[in-house]
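Heads up: numbering here begins at 1 and tracks the sequence.
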Amino acid sequence: MAINSRNKGARFERLLASKLREYGYDTRRTAQYCGNTGDASDVVGLPYIHIEAKHVERLNIYDAMAQAKRDAEAGGGGALPAVFHKKNNCNILVPLELDSFME
């Protein structure tokens, strides 16, 4: 991954954590390298939700959701996988699978 892409993703994760804190949740970006965290979420602190954050112009939503599901299952705890997506100059979207939405 290019450094600029990695930095863009990190900025989005910090922005997302900040936005969720505005809603009253104690959220933060995780350190996801070298096994520093047991949780593979990009942002932690939103109860029962595994967050996969993507800041890209063209998102393959099915690939992103598959990653979120894999990581949520690996983390244990039964968190619902959700993709938080943003593209430049647009609002953040949170697509969920129907079964997860109904839970």
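Grouping the Ile, Leu, Val, Met, Phe, Trp and Tyr side chains by contacts below 4.5 angstrom, directly or via other members, places Tyr23 with Leu80. Val94 and Met102 sit in two unconnected hydrophobic clusters of ILVMFWY residues. Membership requires side-chain heavy atoms under 4.5 Å apart, directly or through other members.
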Show your working on side-chain contact (heavy atoms from CB on, under 4.5 Å) between Asn4 and Lys8 and close with a plain yes or no.
CA-CA 6 Å; Asn4 286 340; Lys8 182 178 179 180; over 6 Å; no

Starting from the C-alpha separation in whole Å, work towards a yes-or-no answer on side-chain contact (heavy atoms from CB on, under 4.5 Å) for Val43 and Arg14.
CA-CA 8 Å; Val43 175; Arg14 286 190 295 272; over 6 Å; no

Mind running side-chain contact (heavy atoms from CB on, under 4.5 Å) on Phe12 and Ile92 for me, showing each step along the way?
CA-CA 10 Å; Phe12 176 52; Ile92 298 170; 3.7 Å; yes

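Identified under the salt bridge (charged side-chain N to carboxylate O under 4.0 Å, His left out) test for residues 53-66, with sequence neighbours left out: Glu52-Lys54.
Considering all non-hydrogen atoms of both residues, Ser41 and Thr30 come closest at O-OG1, 2.6 Å. Between Pro81 and Leu96, the shortest heavy-atom contact is O-CD2, 3.7 Å. In terms of heavy-atom proximity, His50 sits nearest to Ala68 at CD2-O, 3.5 Å. Nearest heavy atom pair, residue Arg21 against residue Thr27, reads NH1-O, 2.8 Å.
By the side chain to side chain contact (heavy atoms under 4.5 Å, CB included) test, Glu97 is found to be paired with Met65, Lys69, Ser100, residues two or more places apart in sequence or in another chain being considered. Taking the side chain to side chain contact (heavy atoms under 4.5 Å, CB included) definition, one finds that Ile61 meets it with Leu59, Val83, Pro95, sequence neighbours left out.
To the nearest 0.5 angstrom, Leu15 atom CG is 7.0 Å from Lys86 atom NZ. Note: Gln67 CD to Asn60 CG = 11.0 Å, rounded to the nearest 0.5 Å. To the nearest 0.5 Å, the span separating CG on Asp26 from CG on Leu46 amounts to 11.5 Å. Rounding to the nearest 0.5 Å gives a distance of 8.0 Å between CG of Asn88 and SG of Cys90.
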